Amino acid sequence: MQSLTLTLYPTSVSPSRLKLYPLRQTLPSVLSPPTVGNNRRGMASRGDSASFKSLATHQTSTSGDDGDGYCTLVDFAGREGANVGDDLVVLLYHLQHACKRIASLVSSPYNSSLGKLSVNSSSTGSDRDAPKPLDIVSNGIILSSLRNSGKVAVMASEEDDTPTWIKDDGPYVVVVDPLDGSRNIDASIPTGTIFGVYNRLVELDHLPVAEKAELNSLQRGNRLVASGYVLYSSATILCVTLGSGAHAFTLDHSTGEFVLTHQNIKIPTRGQIYSVNDARYFDWPEGLRKYIDTVRQGKGQNPKKYSARYICSLVADLHRTLLYGGVAMNPRDHLRLVYEGNPLAYLVEQAGGKASDGKREILSIQPVKLHQRLPLFLGSVEDVTELESYGDVQQTVNPGYEV
Ligand SMILES: O=P(O)(O)OC[C@H]1O[C@](O)(COP(=O)(O)O)[C@@H](O)[C@@H]1O
């Protein structure tokens, strides 16, 4: 038998679920013991990753998941066929592990006051380091997992001024907003991680590190090979596209696995909900005011009165929109094209929806700056198209709101 060095992250597996994972019981020799913390080694070689994929497939067939419908993210990615290479499966494995750690952090009683707004950056007055806000901690967790994957050349994060070069021959570039909506954390309002994956541009390999790191991270959204989000809410849900449809997996706390719960999500072509911070109404342009006034009176193309829902946490607002339809928007220059706009636009389009900045398709915009901001309108095709038809929907007045 080929010898494998697989690092399994620790998960809590309930006895009732153990029978679904006979591989762990019957082939212990191929599995290294779980290791904890940052010393664990990722599956760094391509040889290992190929075996990893067959492990996923084997795990699926031996567990008979076709019978009981229990399909994990790794099972699913391993079975996606020609579209999903082994390297991407390995990368996903590490990324989802990072998100499980973040899920546990944001729900921990010991981190209940580590949102952005409540952390005083000054010293605690003791010799110990001041606790870090959770978005900074989440950034470190993701970076560490991506390093361990051995599959990432560069990570560009909303939390960092410049991208981090990780590995010259890493096949992928990852863009990430590690913890979006973190201003809500102290009130236990949902937050999310947003990620996008591009191929490394090998034609840039000869450039100095800083330059190739930046140019690799500034790829147009229509070059994404995978993207998604993880929603930390009453359930922890990972929604991803690997290039063929959008699929969601819910964290099963009894096994520690993300389990397929929403296959091939199709956003309704028309919804009845708009999602926007409408306290900004008087800073909106005429077109946007008119659109909102029209649909809430039921006088739009859809002759039903729309409802408003706004969590003020992009992942949560988008997740609801994917499932129920309508439009989730932020009309001012606030959200970032690279870390939020592109990954979410790709996912929305894969679910059959539309993503616009009010004038242009998000995925067609060439980013020119890493932290470039833009208005964002995501949702049902008919709702976003109707909204665009009002012409003047981008909020240019942006006074800098305190909350
Ligand atoms: O203040 P607004 O315009 O309502 O913006 C709210 C949006 O900002 C975000 O909180 C992201 O902002 P940050 O990138 O500053 O964290 C989103 O989650 C949310 O949708």
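Computed from a predicted model, the values in this text were never measured in an experiment. Both ligands and their constituent atoms are indexed starting at 1 by order of listing.
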Quick one: does NZ or CZ of Arg200 land under 6.0 Å from the six-membered ring centre of Tyr172, within 45 degrees of the ring axis? no
State whether Tyr401 and Arg280 meet the cation-pi test: NZ (Lys) or CZ (Arg) under 6.0 Å from the six-membered ring centroid, and within 45° of the perpendicular axis. yes
Can you see whether [X] engages [Y] through a side-chain donor-acceptor pair at a distance of less than 3.5 angstrom?
{"X": "Arg270", "Y": "Gln301", "value": "yes"}
{"X": "Arg220", "Y": "Ser364", "value": "no"}
{"X": "Tyr324", "Y": "Arg309", "value": "no"}

For [atom], which of the options [options] provides the nearest non-hydrogen atom?
{"atom": "atom 15 (O) of ligand 1", "options": "His334, Glu340, Glu159", "result": "His334"}
{"atom": "atom 20 (O) of ligand 1", "options": "Leu314, Asp135, Asn277, Asn184", "result": "Leu314"}
{"atom": "atom 2 (P) of ligand 1", "options": "Glu402, Arg280, Gln395", "result": "Arg280"}

What part of [X] sits under 4.0 Å from ligand 1 if we count only heavy atoms: the side chain, the backbone, both or neither?
{"X": "Cys312", "value": "both"}
{"X": "Asn330", "value": "side chain"}
{"X": "Tyr401", "value": "neither"}

Parallel, tilted or perpendicular: which one describes the rings of Tyr339 and His371, with boundaries at 30° and 60°? tilted
Do any heavy atoms of Ser182 fall under 4.0 Å from ligand 1? no
Is there a ring-ring contact (aromatic ring centres under 6.0 Å, His included) between Phe249 and Phe76 once you walk through the steps? CA-CA 10 Å; Phe249 300 78; Phe76 183 82; 5.4 Å; yes
Please say whether [X] places an N or O atom under 3.5 Å from an N or O atom belonging to ligand 1.
{"X": "Asp317", "value": "no"}
{"X": "Arg332", "value": "yes"}
{"X": "Leu335", "value": "no"}

Close-contact set for ligand 1 against [X] heavy atoms, below 4.0 Å:
{"X": "Ser313", "value": "18 (O)"}
{"X": "Arg336", "value": "14 (O)"}
{"X": "Asp180", "value": "11 (C), 17 (C), 18 (O)"}

Taking everything shown except Lys290 itself, do over 12 heavy atoms lie less than 6.0 Å from its NZ? no
Residue pair Asp205 / Lys212: nearest heavy atoms and the distance that separates them: O-NZ, 3.2 Å
